There are 2 protein chains.
Amino acid sequence: MRTLDHPATDELELDTVLAALGDPVRRRIVLQLADGHDEQACIAFELPVSKSTSTHHFRVLRTAGVISQCYRGTAIHSTLRRDDLDERFPGLLDAVLDAARR
Amino acid sequence: MRTLDHPATDELELDTVLAALGDPVRRRIVLQLADGHDEQACIAFELPVSKSTSTHHFRVLRTAGVISQCYRGTAIHSTLRRDDLDERFPGLLDAVLDAARR
DNA sequence: GTGTTAGTACGTCGTTCATCGTACTAGGCT
DNA sequence: AGCCTAGTACGATGAACGACGTACTAACAC
């Protein structure tokens with residue numbers, strides 16, 4: 001089984017996380033994950049970019065520690081790392097999600 | 001008297017604000033402002049960059065709506081737009097400040 | 001096996017951005 | 001007037017980034 005690297009909770013960096021959340025396409029992914037669409041493959045997200053660009057954004061989110069990903073067959077299962085983010089940067093994710101929903 | 005442009009509260013954009021807060025030098029400025037150092041000229045901030053780069057960062061913060069600036073003689077007086085940011089993006093500034101202080 | 005599907009690797013292109021130095025302006029002080 | 005100080009304008013440079021297409025791999029279904 002293929003594996004994917006994730007940073008540990010105490011390795012999360014504010015710079016990286018803010019950079020990850022700073023892109024509108026990535027916020028769109030995070031929003032869809034937050035709204036419960038976390039049982040679908042990357043390709044099923046509605047994004048205005050190509051497949052390879054989509055891969056790029058998912059990887060940025062993962063290496064920043066915003067989401068975690070694991071393989072399910074050929075597809076990838078992504079989830080928001082809510083608890084980890086809240087532990088390290090309390091309130092940040094919720095504030096961004098809140099702001100993004102307007 | 002020279003004047004400086006500021007976006008209205010309802011014109012603040014999440015993208016721009018996140019981009020502004022995403023830079024470590026600018027977060028340092030914001031932190032110093034939040035900690036009460038808001039009665040000093042731009043040049044008095046302790047920043048690891050040149051004077052012209054410093055001007056650049058202050059302008060990014062102002063045009064994003066994170067700070068407001070007005071002339072006091074030749075110097076510029078900068079303040080955090082706490083209330084405006086809280087009105088438009090509740091909790092965001094505090095979450096970032098909190099995270100930046102670790 | 002073949003074919004299909006989901007995602008990756010890689011190289012490229014164009015844009016944006018942080019940084020700088022130099023030359024300049026506006027306001028205050030003597 | 002002359003000088004100093006705080007900040008700006010402008011142009012240059014190099015790095016980072018978002019976007020793309022093409023060619024590839026891994027897992028599943030048949």
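Predicted model, so just to flag it, every value in this text is computed and none were measured.
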Could you give the [atom1]-to-[atom2] distance, from [X] to [N], as a whole number of Å?
| X | N | atom1 | atom2 | result |
| --- | --- | --- | --- | --- |
| A:Leu18 | D:dC17 | CG | C1' | 17 Å |
| A:Ile76 | D:dA26 | CD1 | P | 14 Å |
| B:His77 | D:dT5 | NE2 | C1' | 18 Å |
| A:Arg2 | C:dT5 | CZ | P | 16 Å |
| A:Leu47 | C:dG7 | CG | P | 11 Å |
| B:Tyr71 | D:dT5 | OH | P | 18 Å |
| A:Phe58 | D:dC17 | CZ | P | 19 Å |
| A:Arg72 | D:dC28 | CZ | P | 12 Å |

Given D:dT8, C:dT5, D:dG21, the nucleotide with the shortest approach to the side chain of A:Ser52: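 In terms of side-chain proximity for A:Ser52, the closest of D:dT8, C:dT5, D:dG21 is D:dG21.
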
Nearest to side-chain heavy atoms of A:Ile43, which nucleotide of C:dT8, D:dG7, C:dA6: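 Of all the options, the side chain of A:Ile43 is nearest to C:dA6.
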
Contact list for residues 41-53 of chain B, test side chain to side chain donor-acceptor pair (under 3.5 Å), sequence neighbours left out: B:Ser50-B:Ser52, B:Ser50-B:Thr53

Position toward the 5' end of DNA chain D (nearest nucleotide), A:Lys51 or A:Thr74: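 Looking at DNA chain D, the more 5' nearest nucleotide goes with A:Lys51.
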
A:Asp35 atom CG, over 12 foreign heavy atoms within 6.0 Å: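 Result for CG/A:Asp35: enclosed.
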
Residues, nucleotides or ligands: over 12 heavy atoms within 6.0 Å of B:Gln40 CD: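 Check passes, neighbour count above 12.
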
Rounded distance [0.5 Å steps], CG in A:Leu61 versus SG in A:Cys42: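 SG of A:Cys42 is found 10.0 Å from CG of A:Leu61.
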
Same apolar cluster (I L V M F W Y, side chains within < 4.5 Å links), B:Val60/B:Leu21: no

Single-linkage hydrophobic cluster, 4.5 Å side-chain cutoff, A:Leu18 and B:Val30 together: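 Linked within one cluster.
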
Show me the protein contacts with nucleotides 16-18 of chain C, counting only N or O atoms at under 3.5 Å.
from, atom 1, to, atom 2, distance (Å)
C:dA18, OP1, B:Arg26, NH1, 3.2
C:dA18, OP1, B:Arg26, NH2, 2.7
C:dA18, OP2, B:His56, NE2, 2.9

Salt bridge (charged side-chain N to carboxylate O under 4.0 Å, His left out) partners of residues 22-33 of chain A, not counting sequence neighbours, each pair once: A:Arg27-B:Asp15

C:dG7 phosphate, OP1 or OP2, under 4.0 Å from A:Arg59 side-chain N/O: no

Presence of B:Ser50 side-chain N/O under 4.0 Å of C:dT19 phosphate oxygens OP1/OP2: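 No, outside the criterion.
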
